[in-house]
Amino acid sequence: MQFTFSDYRESAGALAAELGAFRPEVALILGSGLGFLGDEVEDPIAVPYERIPHFRASTAPGHRGRLVFGTLRGRRVAVMQGRLHHYEGYSVEEIAYPVRVLRLLGCETLIVTNAAGCVNTGWQAGDLMLISDHIKLFLDSPLRGGNLPEFGVRFPDASKLYTSELRDLAKAEAARLGLGLREGVYMFFPGPQYETPAEIRAARALGADAVGMSTAPEALAAGHCGMRVLGMTLLSNMAAGILDQPLSEAEVLEAGERARGVFSRLVLACLEKL
Ligand code: HPA
């Protein structure tokens, strides 16, 4: 199915009715481990996805499925606690849907975080990575289908999806806080199985530093409708075949738990200085 512009408007209108005069300026999509930041929003207005027309339910573990509006570090934010993934059965268009709704509500910037496998053998599990660019070969574009010109052009430029001034900001904030921050290319894989060792070797040959199952759809939709995008990754595990040990969700969740202090400090520092 394809959403129409009036679907997006209907969702935004339903949210606006709950928000009174409040309008968000920054959207945050928080991946595994960082969802708790939604609980730190001041004067929160939380709206479960099931109350928003056309929104889908979030089924992934650790993804709560609600939008939290309010103030965080002095910014008016909309925090998605729980994102949608292709492996849950959703179309790319459905995954990107909330981004466009938040754009209609006024968000001009998207901060998106995720956990990913580390492909770069010079780096380590637990490192944080700024996303400089992505590779998405395996999935439709969220922009497939009739273009909605209210959001953007038919053939958008994707050469500067991850906004360079926000990357500079993140690097400066990481340096100020004394945190190590890698910078590299995130490659999208559809999952839900982790990749095979051969796929990881292919990803490396193609120029990927990290592999994960999210983020590219949301970033593409955000770029199309003119939002600035800052993407940050927790390299939760070495990708398949690098170490002689199986990959597991428990390892990813544990890494998220361990890194949540540093990762959230960096995200909040960037938010404050946007
Ligand atoms: N591959 C894909 N997605 C992931 C991984 C991985 O190794 N780790 C966390 N998310």
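We count ligands from 1, going down the list as the structure has it; atoms in each ligand are counted the same way.
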**Q** Take every heavy atom of Tyr194, measure it against each atom of ligand 1, and state whether any distance is under 4.0 Å.
**A** yes
**Q** Under 4.0 Å from ligand 1, counting heavy atoms only, is it the side chain of Asn237, its backbone, both or neither?
**A**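 Only the side chain of Asn237 comes within reach of ligand 1.
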**Q** For ligand 1, which atoms sit closer than 4.0 Å to a heavy atom of Leu247?
**A**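 Listed by number with element, the hits are 7 (O).
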**Q** Go through the structure and list residues passing ring pair (Phe, Tyr, Trp, His ring centres under 6.0 Å) with Phe36, not counting sequence neighbours.
**A**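 Checked Phe36 against ring pair (Phe, Tyr, Trp, His ring centres under 6.0 Å); zero matches.
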**Q** Taking CD in Gln124 as the centre, count heavy atoms belonging to other residues, nucleotides or ligands within less than 6.0 Å. Is the count above 12?
**A**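 Count not over threshold, so no.
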**Q** Relative to the heavy atoms of Val252, which atoms of ligand 1 are at a distance of less than 4.0 Å?
**A** 8 (N), 9 (C)
**Q** Please work out, at 4.0 Å between heavy atoms, whether the side chain, the backbone, both, or neither of Ser236 comes within that distance of ligand 1.
**A** side chain
**Q** Find all atoms of ligand 1 within a distance of less than 4.0 Å from any non-hydrogen atom belonging to Glu195, and give their numbers and elements.
**A**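 So the answer, numbered in order with elements, is 1 (N), 2 (C), 6 (C), 7 (O).
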**Q** Taking the six-membered ring for Trp, are the ring centroids of Phe138 and Phe188 within less than 6.0 Å of each other?
**A** no
**Q** Is it the case that the side chains of Arg56 and Tyr90 hold a donor-acceptor pair, with the cut-off being a distance below 3.5 Å and no angle test?
**A** no
**Q** Of the protein's non-hydrogen atoms, which lies at the shortest distance from atom 5 (C) of ligand 1, and what is that distance?
**A** Gly117 N, 3.3 Å
**Q** Do the non-hydrogen side-chain atoms of Val211 and Ile200 ever get within less than 4.5 Å of each other?
**A** yes
**Q** With atom 3 (N) of ligand 1 as the reference point, say which of Ala116, Ala115, Pro190, Gly212 has the nearest heavy atom.
**A**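 Nearest heavy atom to atom 3 (N) of ligand 1 lies in Gly212.
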**Q** Does CZ in Arg23 sit with more than 12 non-hydrogen atoms of other residues, nucleotides or ligands closer than 6.0 Å?
**A**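 Counting neighbours around CZ of Arg23, more than 12 heavy atoms of other residues, nucleotides or ligands fall under 6.0 Å, so yes.
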